[in-house]
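Labels below follow one simple rule: chain letters A, B, ... track the order of the sequence lines, proteins then strands, and each chain is numbered from 1.
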Amino acid sequence: MRWSRTLIPTLKEDPQEAEVASHRLLLRAGMIRKLTSGLYTYLPLGLRVLRKVEAIVREEMDSAGAREVRMPILQPMELWERSGRRAVMEEIMLTSQSRQGREMALGPTHEEVVTALVAAEVGSYRQVPLNLYQIGPKFRDEIRPRFGLVRCKEFLMKDAYSFDCSEAAAEKSYRLIFEAYLRIFSRCGLKVETVEADTGVMGGSLSHEFMVPASSGEDGIAACPSCGYAANLEKAQLRPPEPAAPTAEELQTVETPGMKSVAELTSFLSAPPERFIKTLLYRAGAAIVAVLIRGDRQVNESKLKRALAVEEPALAGEEEIRKVTGAPMGFSGPVGLKGIRLLADYSVLTIADGITGANREDLHLLHVNRERDFKVDEYADLAVAAAGDGCSRCAGRLTIGRGIEVGHTFKLGDKYSRALGATVTDEKGREIPLIMGCYGIGISRMVAAVVEQNHDSAGIVWPPSVAPYQVALLALNPDEEVSSRADGIYRGLAAAGLEVLYDDRPVSAGIKFNDADLVGLPIRVVVGKKSLRAGKVELRDRSGGEVESVSPDDLLESLRRRLEVRPGDNLK
RNA sequence: CGGGGCGUAGCGCAGUCCGGUUCAGCGCGCACGGUUCGGGACCGUGAGGUCGGCGGUUCAAAUCCGCCCGCCCCGACCA
């Protein structure tokens with residue numbers, strides 16, 4: 001492609017709207033442009049990258065036995081009522097009405113559609129295993145789009161859905177896709193970490209996230225360097241700490257006028273947050289439960305949900321708190337709380353001589369000791385993991401990092417197949433619900449992740465497998481001679497099947513060099529008067545290394561050699 | 001949804017505090033002419049603006065006040 005015949009609006013300066021590297025560089029390299037918050041246009045170069053990633057995903061999905069389909073973006077809301085997910089998903093869905101007055105939504109995901117399809121078309125155990133996937137736009141009305149392509153309202157996703165008639169077979173389908181995912185990310189030049197994750201609104205029993213470690217990532221990852229355990233912060237299980245020995249000091253009441261938060265109390269009483277027992281009142285179905293946790297820790301509501309076995313635990317309101325504790329919000333404590341279940345995070349075990357609310361306005365208690373002053377019904381792992389916490393699998397300590405979630409796999413069980421009637425007849429003639437799995441990859445987000453992991457101060461350094469073109473051909477100060485030589489070389493390389501972006505613009509050499517670095521194609525070929533005089537052209541890898549001078553006749557061979565050495569593929 | 005920041009030419013910004021002959025400005029880009037020509041060249045000429053929008057205060061508003069819109073960042077019930 002001739003640079004002069006396409007649209008690559010590079011930017012000399014950093015756009016003020018972009019904070020993270022991928023966002024900044026994709027804008028500067030003229031690959032994407034924002035329409036409005038969370039919505040981007042892919043310009044020719046950006047689209048080529050998107051397509052490269054898409055092609056790799058498609059190849060690996062196909063060879064893992066999945067079959068591509070294409071489902072509508074627009075979906076009837078009625079389907080979401082049938083699956084019972086309308087309530088939880090509605091707020092991220094953009095809805096509208098058809099002319100007939102039917103409520104429609106832009107699909108944020110397609111479990112409902114695919115399950116309805118399979119319910120209608122698959123009736124026998126002989127037709128499974130079946131895995132259907134598609135690559136297409138998804139729409140989610142995100143509360144806060146962020147970081148360019150990382151979190152958009154509209155994005156490109158690959159979503160796959162497996163159907164099996166036994167747990168064992170479903171497990172096998174899951175493994176197959178899990179392994180395909182590892183190949184996909186590696187082929188795209190991404191280093192990923194797989195972590196155990198929470199299943200969230202998808203439901204199901206087990207799920208893994210594929211995370212690209214990046215400081216700009218939105219998700220926290222807890223990892224254990226000793227045993228390799230890794231999990232999303234939401235999910236990371238913690239080892240119970242060593243209990244602290246109680247003290248003999250007498251319980252004492254202290255006035256704390258208007259001091260409601262641990263932060264306020266910490267400075268008022270000059271005691272560290274680790275000595276506070278926070279008492280949070282949660283609504284669990286009809287009952288109210290008191291949840292105790294150390295003052296410096298946070299309750300992980302996903303864990304709490306599992307511990308309480310209720311759908312949506314929610315913090316109790318001011319009214320309920322008064323009713324249960326007899327005091328306003330901010331002065332709750334476990335001592336003397338009657339007729340209510342006390343659930344405590346393991347962190348409470350480390351508190352001896354604690355501080356907690358007195359269940360009376362403007363009063364707190366000092367020298368509180370568990371067992372002596374209050375009795376916990378159950379200790380559980382309820383805290384959001386923090387650096388240095390004990391690993392649940394070994395004696396190691398967890399580290400906390402950040403990552404971009406590029407893929408997510410779920411074992412769904414029969415949640416959707418039951419709700420939407422996706423059943424088959426088994427060998428014995430019984431009707432059984434299909435066991436499902438679902439598997440997503442954020443294709444557009446992967447583009448951002450690749451840039452996060454592959455850039456330097458001058459610009460993007462594309463892995464060859466997803467680079468928009470393989471070769472940047474620069475004609476320096478193109479007079480007639482340089483121009484005609486470069487034209488010839490361009491035609492020759494293109495005819496040989498190489499993807500070449502030919503910078504034929506009438507701009508200065510410096511601009512071409514800088515733009516080439518910014519755009520980040522794997523190999524740069526320079527044609528200029530200086531080297532032409534010696535009968536040579538120059539090659540250089542974007543990833544570094546020396547400039548190589550070769551005669552134009554040897555150029556093709558030289559390029560092929562450089563491209564082959566790479567771990568990437570997809571060089572047709 | 002809460003908090004913070006921002007909105008002036010295509011892009012990056014100054015001017016806003018303290019209203020008025022520095023108030024429509026700078027750099028880059030763009031167009032034309034000329035000189036240059038291997039890491040963002042130089043000279044000259046020129047085009048380009050509802051100062052985010054609406055309303056108000058004032059003799060006078062980019063500047064002060066009110067409402068609204070958009071964008072970016074942080075946080076979303078932790079007692």
Counting only Watson-Crick or G-U wobble pairs whose two distances fall under 3.5 Å, which nucleotide matches [N]?
| N | value |
| --- | --- |
| B/rU45 | B/rA31 |
| B/rA61 | none |
| B/rC71 | B/rG5 |
| B/rC13 | B/rG25 |
| B/rU36 | none |

With sequence neighbours left out, write down each residue that passes ring-ring contact (aromatic ring centres under 6.0 Å, His included) with A/H408, or none if nothing qualifies. A/F410
Counting only heavy atoms not in A/R485, do more than 12 sit closer than 6.0 Å to its CZ atom? no
Under 3.5 Å, is there a donor-acceptor pair linking the side chains of [X] and [Y]?
| X | Y | value |
| --- | --- | --- |
| A/R294 | A/T350 | yes |
| A/E538 | A/S549 | no |
| A/E209 | A/N232 | yes |
| A/E154 | A/Y40 | no |
| A/D345 | A/S347 | yes |

Taking for each residue the nucleotide of RNA chain B with the nearest heavy atom, is it A/R146 or A/M259 whose nucleotide lies nearer the 5' end? A/R146
Closer to the 5' end of RNA chain B via nearest nucleotide, is it A/R297 or A/H23? A/H23
What is the nucleic acid contact for [X], judged by heavy atoms within less than 4.0 Å: base, sugar-phosphate only, or nothing?
| X | result |
| --- | --- |
| A/K530 | base |
| A/R524 | base |
| A/I293 | nothing |
| A/V507 | nothing |
| A/A263 | nothing |
| A/D479 | nothing |
| A/F147 | sugar-phosphate |

Establish, with yes or no, whether the OP1 or OP2 oxygen of B/rC74 is under 4.0 angstrom from a side-chain nitrogen or oxygen of A/R144. yes
Where the side chain of A/W462 meets the backbone of A/V519, is there a donor-acceptor pair that is under 3.5 Å apart? yes
Closer than 3.5 angstrom, by distance alone: can the side chain of A/T356 be matched with the main-chain N or O of A/I277 as a donor-acceptor pair? yes
Of all the choices, B/rC78, B/rG38, B/rA76, which nucleotide is nearest to the side chain of A/I143 once you look at every atom? B/rA76
Side-chain atoms of A/Q298 come closest, of B/rG75, B/rG40, B/rC78, to B/rC78
Distances under 3.5 Å only, N/O to N/O: pair up the protein atoms with those of nucleotides 69-71 of chain B.
unit_1, atom_1, unit_2, atom_2, d
B/rC71, OP1, A/T36, OG1, 2.6
B/rC71, OP1, A/S37, N, 3.1
B/rC71, O3', A/K34, NZ, 3.0

Cationic tip of A/R505 within the cone over A/W3's six-membered ring, i.e. under 6.0 Å and within 45° of the normal? yes
Under 4.0 Å, heavy atom to any atom of RNA chain B: which of residues 26-33 of chain A qualify? A/R28
